[in-house]
Amino acid sequence: MFKTFSIRYKILLLLTVVSFVSGSILLYISVDTFKKDKIAYIFENNSNIVSQFSEQISREIQSVNQTLALYMDRFSKTGLLSENTSDEIPNSSLLAGVQIFKLDPKLDVANDYSQVTAIKKTNAKPIDASDSQLKMAIERLSKSKLDFFYTGNMLFFLQKFNISEINYVVVYFYSSETLNDFFSSDSSFKSFLINSAGEVFLKNPSISEDFLTTNFSNYFGSKQPEDNLSTSKIKSDGGESWLLTSTQIPLKDLKLVLLVNEKDALSVLNEMVLKSVLIFIILFASVIIVGIISANYLTSRLSLLSDHTRKVTEGNFSTLIEPKGNDEVTELAQYFNTMTKELKRLMSETANKARMEAELKTAQTVQETLFPESEYGSDNVKVSGHYQPASECGGDWWSYTENHEAIYFWIADATGHGVSAALLTSAAKSSATIIEDMGLEPVDNVRMLNKSICSVANKKIMMTCFHAIYDKKTRILTYVNASHEPTIIFKNNIDNYTKADMIFLNENNNNRLGHSVDTEYTSNEYQLNEGDRLYFYTDGIPDIAGRTGTSLGERGHFKTLLQALNEKTDLSTLNQNFTDSLEKFREKTELVDDVTFFFVEIL
């Protein structure tokens, strides 16, 4: 049913779906990102707070201990904390007071102690010997050397020590601004100092005494892990999510704990979601309105383009659209006009190309008549050849002709390949046919063929050539090489051919045909015997390339040739095996140059 919709409704439907889905995804991602960022910010901020708190407490204790050390040194020497009873601790010192209690040497319990000496600031109030917290702290010293408690905005420390086998307890105290300020001010989190057993040591005044045990019995009701600094999300007994930040502080086994209700922390998210939804609705409505206007404008112009396209399919290539506007549809209309004109031109060119291809096919057929039969045999020789052009028409040419006295062999390669090279080979074949009837020597034959090539090509195209005449009576091969690949002779009395057994007829190397009309050529002779084989070829064979782009090369060429020869087959099978090996290496890739070769066996 969707296919029956017009493009106008398809555009509107697409805009609606895309806008709604993308807006919903964007809203979800925005809310989720804000939530994660807010939680990460709370954890980072609270981590900084607890770390600073721990560092400040550490600095306060260090300062108090440094001052305490001076008084304890005096007590160990004089038995007093001050030289005069009127001496006081300077107001500039953080330490507020020091009291030393002597324990009963036999009992060493909290009920048997008395103050020996004391010193304090002017306004500082020392702890009374009968204070219940002091008694409990002294009792706890039976299990440890250090204890402390907090009362009246003062932090009291107790340490047990021994001088001359007498047990003492030193009580020193100070007003911790860090503790007082932190736990007296209102904040967005709930703060606690708890010990390893989960008992509250100090908290915000606004928090009930049983807050932790009532709401977090599973978490704070047992011994706490001694993490240096940790952040996590925990669930209360009622199922609410809380953000927990905690760290150990340098007060025995106390840990500072900050709790933030996640729901309260993210309450601002509700307002943000509402605003985002309103903005989404406004944008969604705007997109729909703009989509309706744009769809109407676009589809009307596309309908016009569709009508003209239908005319083109009916064969009317003269129809054109008048461009209006400056957008993609206008550009499409201009392309349509250009396409129509191009189609009209291409129709004409296609007809011309078809005519030219037919003429080229005719030229290829005509060129094939220039080559002799690939297989030939007489009482004197056997010939087996192969020719494969790189394009429709090639620039290679080979030929053999036998009369009652001799056999003429030709192989040539015009520069390049294609129609121009094919025309030159045609001229060479025609000239060679006439020259052979004159009964001249190979030098004269090549010299006359050179003049013919110079006259036809006018130095624009040249040709390499190897021409030989075999005297059937004397079995002497007379040959001329015009810059062509040398013919190779393989003697018949060798069981396994190697490269050392290859005889190259390269004693003379004259200029190419078509180089100069005045070129003089030289010849050489070679005595052949029954069973000898000759190999004529062009330079297209080493240029054969495989799928990897690697060329066969001279080494690969000769290696393949020797493998075929050592199979000891007849001449036709030798030709076929050699051709198959070349095709196997080529793997049906395009030829770089024409491939031409033929074998001759002396009988």
Side-chain angles (χ1 to χ4, degrees), residues 367 370-372 385-391 393-401 408-436 438 440-469 477-489 504-526 534-544 551 553-554 557 591-598 600:
Q367 188 187 25
L370 302 179
F371 298 98
H386 175 82
Y387 167 72
Q388 187 175 2
S391 58
C393 296
D396 286 2
W397 165 65
W398 71 285
S399 177
Y400 57 85
T401 305
Y408 293 79
F409 298 106
W410 301 85
I411 188 167
D413 182 5
T415 53
H417 51 82
V419 176
S420 58
L423 292 175
L424 187 63
T425 59
S426 178
K429 168 61 178 175
S430 300
S431 299
T433 301
I434 297 173
I435 292 171
E436 288 173 353
M438 295 181 180
L440 303 175
E441 294 297 319
V443 169
D444 297 322
N445 291 345
V446 174
R447 180 173 52 79
M448 294 185 68
L449 182 59
N450 176 56
K451 290 183 179 180
S452 175
I453 297 300
C454 288
S455 175
V456 173
N458 196 25
K459 294 186 178 182
K460 293 181 180 180
I461 303 177
M462 297 186 188
M463 176 181 283
T464 64
C465 178
F466 190 98
H467 171 51
I469 297 179
L477 184 75
T478 307
Y479 57 90
V480 177
N481 189 351
S483 297
H484 195 80
E485 279 64 39
T487 295
I488 304 173
I489 296 176
F504 294 86
L505 302 182
N506 55 3
E507 293 85 356
N508 60 72
N509 196 10
N510 304 286
N511 287 336
R512 291 179 295 178
L513 304 181
H515 179 268
S516 173
V517 72
D518 299 325
T519 300
E520 294 295 330
Y521 294 90
T522 59
S523 65
N524 287 84
E525 294 180 350
Y526 189 87
L534 292 81
Y535 172 60
F536 298 77
Y537 67 98
T538 61
D539 62 359
I541 299 176
D543 291 338
I544 294 175
S551 298
E554 181 180 288
H557 173 202
L591 289 173
V592 178
D593 198 2
D594 305 329
V595 173
T596 306
F597 62 87
F598 66 94
V600 176

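Interatomic distance, CE of M463 versus CG of L424, reported as 4.0 Å (0.5 Å rounding). Atom-to-atom distance recorded for D594:CG and W397:CH2 is 15.0 Å, nearest 0.5 angstrom.
Of all non-hydrogen atoms in I453 and I461, the two that sit nearest each other are CG2-O, 4.4 Å. Across all non-hydrogen atoms, the minimal contact from N511 to Y521 is O-CE2, 3.2 Å. Contact detail for N508 and S523: the closest heavy-atom pair is ND2-C, 3.7 Å.
In this view, E507 and Y479 satisfy the side chain to side chain donor-acceptor pair (under 3.5 Å) rule, not counting sequence neighbours. Listed by chain and number, the residues in a side chain to side chain donor-acceptor pair (under 3.5 Å) with T401 are E436 (sequence neighbours excluded).
Using a 3.5 Å distance cut-off with no hydrogens or angles, the side chains of D396 and T538 do pair a donor with an acceptor.
For H386, the NE2 atom counts as densely surrounded, since its 6.0 Å shell holds more than 12 non-hydrogen atoms of other residues, nucleotides or ligands.
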- Task: Dump the intermediate steps for side-chain contact (heavy atoms from CB on, under 4.5 Å) on D413 and T596, then the final yes or no.
- Result: CA-CA 9 Å; D413 182 5; T596 306; over 6 Å; no

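When atom types are taken as modelled, the side chain of S483 and the backbone of N510 share a donor-acceptor pair closer than 3.5 angstrom. Between the side chain of S455 and the main chain of K451, no donor-acceptor pair closer than 3.5 Å is present.
Note on ring orientation: taking the six-membered ring where Trp is involved, the planes of W398 and F598 are parallel (angle under 30°, cut-offs 30° and 60°).
Ring centers of H484 and F409: at least 6.0 Å apart, outside the cut-off.
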